[in-house]
Protein chains: 2
Amino acid sequence: MQSQDIRKAGLKVTLPRMKILEILENHGNKQGARHVSAEDVYKHLLANGEDIGLATVYRVLTQFEAAGMVNRHHFEGGHSVFELAGEHHHDHIVCSQCGHIEEFVDESIEARQHSIAKERGFELREHCLILYGNCVKENCPHR
Amino acid sequence: MQSQDIRKAGLKVTLPRMKILEILENHGNKQGARHVSAEDVYKHLLANGEDIGLATVYRVLTQFEAAGMVNRHHFEGGHSVFELAGEHHHDHIVCSQCGHIEEFVDESIEARQHSIAKERGFELREHCLILYGNCVKENCPHR
DNA sequence: TTTGCTGCAAATGCTTTGCATGTAG
DNA sequence: CTACATGCAAAGCATTTGCAGCAAA
């Protein structure tokens, strides 16, 4: 039950928060739709007939982020993308043509990052690794 | 002479473009100041008594980027940072506290990135790897 | 002279905030 | 009942664009 997650985050369980979490979860199952912008969430809410303001979407996503329930990424082009925080860390590879996003984890890269930070006197807190390229999926426009 | 670089980019050699390039170069020598925002460039211009509009700074930086003379990075927090395009590619490590930026290159990471992209059917075009952490430089506020 | 450049101000696009009302606990 | 949530509209930023005047080639 997601109401527990919301309560645990120290937030009141309200309809907007439930619905937004629901959308994040539903799209977490679909391929390629795991990462949504605030605008995306808002559109889905409207499509579901919910009457929730865009400002609330931003507020709630920010609160979820603060609570560690979702992660926010700043991809190219300015706007942010949110995804339900999974158990496991991962990086992204994005298609420049169709926007298709895949996740990956590479232990050797993770390890090197720590060494690099340490060598330079940094205490590594987080990192952002995004590969941009052209994919060869059958539905990619440029293929 | 930087007027050559501008001309080679197919742009007219004008005072604003010269001055902006100059600022990019001057700060390319200082440690930690290699990466500047449009606003930074604008402030330096004002400080130097130049009467150049912020819009022009953005326009020129964008043109320089298109010409491959500078690189643009989207760091956390929304705004872009520009740096003179060096000969060699590199990644960044940024201090979350003081904003100090260092560059690094790690061949093993570069190599893994290519393998990862290839394995997933992507033709890698570029990537963005930024490590965020706390540095232990003597001038870092939190130290 | 002609085409491209500039400053200014206004317009954008994404995100945040102020405020009066509404509601979970 | 009280503190926190919400919707709406307005405000904020970083960045872009329209336009009339200017300047490089």
Side-chain angles (χ1 to χ4, degrees), chain A residues 1-23 35-46 48-67 69-82 99, chain B residues 1-23 35-46 48-67 69-82 99:
Chain A
M1 210 60 210
Q2 59 276 75
S3 48
Q4 291 309 312
D5 299 317
I6 296 176
R7 209 183 310 274
K8 261 190 293 184
L11 301 168
K12 285 185 180 173
V13 179
T14 64
L15 192 102
R17 301 218 248 240
M18 298 276 281
K19 290 298 177 188
I20 291 173
L21 188 47
E22 202 170 283
I23 286 181
H35 307 76
V36 287
S37 66
E39 193 70 35
D40 290 336
V41 172
Y42 180 60
K43 289 210 196 87
H44 282 123
L45 287 171
L46 292 188
N48 291 11
E50 301 299 337
D51 186 24
I52 296 173
L54 181 56
T56 301
V57 173
Y58 275 105
R59 265 187 295 233
V60 171
L61 286 174
T62 303
Q63 291 158 344
F64 283 0
E65 187 198 6
M69 296 167 60
V70 308
N71 291 129
R72 183 194 209 118
H73 300 287
H74 301 276
F75 285 176
E76 286 187 326
H79 68 302
S80 306
V81 197
F82 300 83
Chain B
M1 206 65 212
Q2 59 277 76
S3 48
Q4 290 310 312
D5 299 317
I6 296 176
R7 210 184 308 276
K8 263 191 291 185
L11 301 168
K12 284 186 180 172
V13 179
T14 64
L15 191 104
R17 302 218 247 241
M18 298 274 282
K19 290 299 176 188
I20 290 173
L21 188 48
E22 203 171 283
I23 286 180
H35 306 76
V36 287
S37 66
E39 193 70 36
D40 290 335
V41 173
Y42 180 60
K43 290 210 195 88
H44 282 123
L45 287 171
L46 292 188
N48 291 11
E50 302 298 337
D51 186 24
I52 296 173
L54 181 55
T56 299
V57 174
Y58 275 105
R59 264 187 295 233
V60 171
L61 286 174
T62 303
Q63 291 158 344
F64 283 0
E65 186 197 7
M69 295 168 59
V70 308
N71 291 130
R72 182 193 209 119
H73 300 287
H74 302 275
F75 285 176
E76 285 186 327
H79 68 302
S80 306
V81 194
F82 301 82

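Just so we're on the same page: letters track the sequence lines, and every chain starts at 1.
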If I compare all heavy atoms of [X] with all of [Y], which pair ends up nearest, and what's the gap?
X     : Y     : value
B:T56 : B:P16 : CG2-CB, 4.1 Å
B:E50 : B:L46 : O-CD2, 3.8 Å
B:F64 : B:R17 : CZ-O, 3.8 Å

Tell me whether the OP1 or OP2 atom of [N] has a side-chain N or O from [X] closer than 4.0 Å.
X     : N      : value
B:R17 : D:dA24 : no
A:R7  : C:dA24 : no
B:Y58 : D:dT15 : yes

side-chain contact (heavy atoms from CB on, under 4.5 Å) with B:I20: of B:T14, B:L15, B:V70, B:V60, only one passes, and it is B:V60
Atom-to-atom span, [atom1] of [X] to [atom2] of [N] - whole angstrom:
X     : N      : atom1 : atom2 : answer
B:H79 : C:dT16 : NE2   : P     : 15 Å
A:E50 : D:dT6  : CD    : C1'   : 14 Å
B:M18 : D:dA23 : CE    : P     : 17 Å
A:I6  : D:dC4  : CD1   : C1'   : 14 Å
B:H74 : C:dC14 : NE2   : P     : 14 Å
B:L54 : C:dG7  : CG    : P     : 10 Å
A:I20 : D:dT6  : CD1   : C1'   : 11 Å
A:L61 : D:dA5  : CG    : P     : 15 Å

With DNA chain D as reference, determine whether B:K12 or B:F82 sits nearer its 5' end, using the nearest nucleotide of each. B:F82
Pick the closest DNA chain D nucleotide for A:L11 and for B:L11 by heavy atoms, then say which residue is nearer the 5' end. A:L11
Mind checking if B:S80 touches a base, just sugar-phosphate, or nothing, with heavy atoms under 4.0 Å?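 Contact class for B:S80: sugar-phosphate only.
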For the CD1 atom of A:I23 and the OH atom of A:Y42, what is their distance to the nearest 0.5 Å? 12.0 Å
Residue closer to the 5' end of DNA chain C, A:T56 versus A:E39 (nearest nucleotide):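 The answer here is A:E39.
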So which nucleotide from [options] ends up closest to the side chain of [X]?
X     : options               : result
B:R59 : C:dC5, D:dT17, C:dC14 : D:dT17
B:A55 : C:dC8, C:dT16, C:dG4  : C:dC8
A:R72 : D:dT6, C:dC14, C:dT16 : C:dT16

